[in-house]
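Worksheet: one structure, shown below.
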Protein chains: 4
Amino acid sequence: MPKLTDEAFASRRDHILWSALRCFARQGFHSTSMAQVIAESGVSAGSVYRYFPSKADLILAAGDWVLGRVLDAADEAVAIRDEASPVAVMRVVFERIHENLHPDGEDRSVVALSVWQEATRDARVAAMLQHNYGELRARVRVLVVRWRDAGHLPVSTDADGLATALFALIPGLIVQHHALGAEIDSGAAFGAIEALFAGAEAAAHAARDQAQDV
Amino acid sequence: MPKLTDEAFASRRDHILWSALRCFARQGFHSTSMAQVIAESGVSAGSVYRYFPSKADLILAAGDWVLGRVLDAADEAVAIRDEASPVAVMRVVFERIHENLHPDGEDRSVVALSVWQEATRDARVAAMLQHNYGELRARVRVLVVRWRDAGHLPVSTDADGLATALFALIPGLIVQHHALGAEIDSGAAFGAIEALFAGAEAAAHAARDQAQDV
Amino acid sequence: MPKLTDEAFASRRDHILWSALRCFARQGFHSTSMAQVIAESGVSAGSVYRYFPSKADLILAAGDWVLGRVLDAADEAVAIRDEASPVAVMRVVFERIHENLHPDGEDRSVVALSVWQEATRDARVAAMLQHNYGELRARVRVLVVRWRDAGHLPVSTDADGLATALFALIPGLIVQHHALGAEIDSGAAFGAIEALFAGAEAAAHAARDQAQDV
Amino acid sequence: MPKLTDEAFASRRDHILWSALRCFARQGFHSTSMAQVIAESGVSAGSVYRYFPSKADLILAAGDWVLGRVLDAADEAVAIRDEASPVAVMRVVFERIHENLHPDGEDRSVVALSVWQEATRDARVAAMLQHNYGELRARVRVLVVRWRDAGHLPVSTDADGLATALFALIPGLIVQHHALGAEIDSGAAFGAIEALFAGAEAAAHAARDQAQDV
DNA sequence: GATGAATGAGGTTTCATTCAT
DNA sequence: GATGAATGAAACCTCATTCAT
């Protein structure tokens, strides 16, 4: 066989990666055997190892893919909504995450739970997680600063603290979703935070008006 | 040999459980072998299996212990602070969680990451997680309702949505802590949310005053 | 099961070791699979790995056993024959080697070939080989010095060179035996060297007598 | 595509063979993978298999090449030194072996260790070894007979036994060299044997003179 | 009741070889 | 003729669990 084109190589690699993701979503990293990934992908053991030198590499790539889709979702939402509140954007991010992770109807957000756990054992996964979540958190912080500077939040607002709190919604809602099931309404959670923001904004305006009166 | 007294039985069981927890905190459930638990506990393999019929049972018990300490923390905080805001109570809960999980200086909050992941594989762990987080969420909801009914939040406040959002802080901050390390200041996150609450409260009062004026 | 006594432990370990030696003698280290050793020994895989943590350890132990028997043979021969010529002792050593390595009629001297080869790949085997052959060579050197000092060899004899040459007989004859088969008569080789020694001794005496005459 | 000329074919084959020899010298036959040979040679897997139908064939050819160089060394030495003692010729053979095996500074005498070991597993390698060493031994025997017939050794000398003993020097010194390293002085070993020969020759002459006197 | 040696299914990975291009 | 991606049997080793003592 002649040398694979780059696209053909990437396509085969992606096929294996997505097969692995289906397995990982069902059973987590460590309860998925390479034999299962091999069976799911339909290629030979040797081929899987040609594209991913070890199970750890496959886990790393799968985790990176999932967190990468989350980051993509954030990028899209942040880019488009210029004048929207951070919570509104986060809501869109959260919806996009689900869309990005379900191109075929299978839930891949569970894999995030496996990534968090794996990061405690594998330094490369930890680094990958740190990088992805560092970037993601930076996006959230931008939203907060932009909103505060537009006058919707008091100037005294602690952008870092608020970014941390808003970021927490994403893993926090994923965990609740998987732990408590359908009874969790993440839309309502965003609505509640939005109401808080609205109240805070009103108070901020009132304070400003009062300051101007004097 | 004579039958073990109940206390002796419970004491040996706890000893094994805590040994297992140390291992699980270091390496997660699946990278901890029973041999390691056995070595850490200093008892024989046969003994471990007398108190925990299988590794799955040991994982279940360890997970339950960790989530139970979280629930304890919530109970204490909810019981004591009658007139405090939900955020203030959550902050205390979060601090208590760390205290409860570090009786000996070792961090056991990581085990929560393992529990979330394990729940996707083991129905009993999923049920245990659902029960614990259901209870915990109910506590949070009580805080919200109490606070709203005391007039600190608009009557229109969606208690379920807000409870979901506040609950999200706990796993959300734990994940950020383990992913991003020391740069995450959970205290600042609580502070930021508290500021939002304060703003919302001011707005709520203003609205009420206006309503009364009419 | 209660703790194994030291003898029981050693006995089981020896059983596995000898099973492995049979396999190694037939096929060499690398063409013998652990599965074959396991089948030959009749115990489980886990048991084999309890006594030998890895295949490399089993190879090391097997090699050490074989070279140890050679060293034993040398020790016995050196201790007993006080007044015999080095060649006569070497001949006995060579015969003893065969006896020591064939307690059950199976030839285990081939394993030496595997050890030499393995030493080029495994540092521990190399160290073990160096130690065993260093000791063995020291024994040969003692024989030479003793014989020279007893006046059977010229005082100018290079003990190190002669020791190296005599030592070479052992691997040299083993290789010829395995390469060329039965047509090799190692007894005749020792006889030829013995004749050389006798000639050299006569010459040495003649030289001394002449020196005294003057 | 046009048929390869015989020279082109042989040239490519030799290139692959020498690449394999470099690998075999470094790691032995069984720890060298075909992938390593392929990488070292810079040609494709398919090409390697065109010139050598299997790894066993490559091993056979490599072994034959190494032993062939040894035989070449013996032929040259035997042809040139007509009046030299067998030991002197062997010394030259030994030096030539090293020259022949180090055309590029890499030691290929280790491969001999692999060949001896492989012969216990592969009948074709065994036959090749037997042929090469049979030829080599015949050369050594010629030296001995020639020397004895020239009157340097007693007529009673056992040519076969002495040939076996002298032949043993070659593998015996190679093994010691690889096992014990630089502390082995093969030149000294030849010197010591040469001294023995000299002594034996003196004794032989004395005996003859005495016989003539009578 | 406690012990710990033994079990063996199953895990990950390698590698000699083939054959479509 | 040459290429190199694909194959899959088989390698080494682990580990949850059992049960004779």
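All heavy atoms count here, side chains included; hydrogens, waters and symmetry mates do not. The chains referred to below are lettered A, B, ... by the order of the sequence lines, with proteins before strands, and numbering in each begins at 1.
As rounded to whole Å, 16 Å separates atom P of F:dC19 from atom CZ of B:Arg50. The nearest whole Å value for the distance from the CD1 atom in C:Ile38 to the P atom in E:dA6 is 14 Å. Between A:Ile59 atom CD1 and E:dT12 atom C1' there is a gap of 11 Å when expressed in whole angstrom units. Atom CD of B:Gln27 and atom C1' of F:dC15 are 14 Å apart (whole Å). Atoms CD (A:Gln36) and P (E:dG10) sit 12 Å apart, rounded to a whole Å. Regarding D:Leu58, its CG atom lies at a distance of 15 Å from the C1' atom of E:dC15, rounded to whole Å. In this structure, A:Phe9 atom CZ and F:dG4 atom C1' are separated by 13 Å, rounded to whole Å. The separation between D:Phe52 atom CZ and E:dC15 atom P is 21 Å, rounded to whole Å.
For C:Ser33, taking side-chain heavy atoms from C-beta onward, the closest of the listed nucleotides E:dT13, E:dG4, F:dC12 is F:dC12. Of the candidates F:dT17, F:dC13, E:dA16, F:dC13 carries the atom nearest the C:Ser54 side chain, counting heavy atoms from C-beta on. Taking the side chain of A:Val43 as heavy atoms from C-beta on, and the options F:dA6, F:dT7, F:dA16, the nearest nucleotide is F:dT7. With F:dT14, F:dA6, E:dT13 as the choices, the nucleotide that has an atom nearest any side-chain atom of C:Tyr49 turns out to be F:dT14.
Between A:Phe29 and A:Phe24, the ring planes are perpendicular. Angles over 60° get that label, and only those under 30° would be called parallel.
Under 4.0 angstrom from either OP1 or OP2 of E:dG1 there lies no side-chain N or O belonging to B:Arg12. Between C:Lys55 and F:dC12 there is a side-chain N or O to OP1 or OP2 distance below 4.0 Å.
With the nearest nucleotide of DNA chain F identified for both B:Met34 and A:Ser44, A:Ser44 has the one nearer the 5' end. Comparing D:His30 and C:Gly46 by the nucleotide of DNA chain E whose heavy atom lies nearest to each, the residue mapping closer to the 5' end is C:Gly46. Positionally, the nearest nucleotide of DNA chain F for A:Ser47 lies more toward the 5' end than for the other of A:Ser47 and C:Phe29.
A cation-pi contact, defined as under 6.0 Å to the ring centre and within 45° of the axis, links B:Arg69 to B:Trp65.
A donor-acceptor pair is defined here as one N or O able to donate and one able to accept, closer than 3.5 Å; no such pair exists between the side chain of D:Arg121 and the backbone of D:Gln117.
By the 4.0 Å N-to-carboxylate-O rule, D:Glu7 lies too far from D:Arg12 to be salt-bridged with it. Using a 4.0 Å cut-off between charged nitrogen and carboxylate oxygen, D:Arg124 and D:Glu118 do not count as a salt-bridge pair.
Applying side-chain contact (heavy atoms from CB on, under 4.5 Å) to D:Met128 and the options D:Asp122, D:Asp64, D:Ile59 leaves one that passes, D:Asp64.
When heavy atoms are screened at a 4.0 angstrom cut-off, A:Thr32 is found touching the sugar-phosphate backbone but no base atom. Across all strands, D:Tyr51 comes closer than 4.0 Å only to sugar-phosphate atoms, never to a base (heavy-atom distances).
Summarising the base pairing, F:dA20 is matched to E:dT3 through a Watson-Crick or G-U wobble pair whose two defining distances lie under 3.5 Å. In a base pair of the Watson-Crick type (N1 to N3 plus N6-O4 or O6-N4) or a G-U wobble (N1-O2 and O6-N3), with each distance short of 3.5 Å, E:dG8 is matched with F:dC15.
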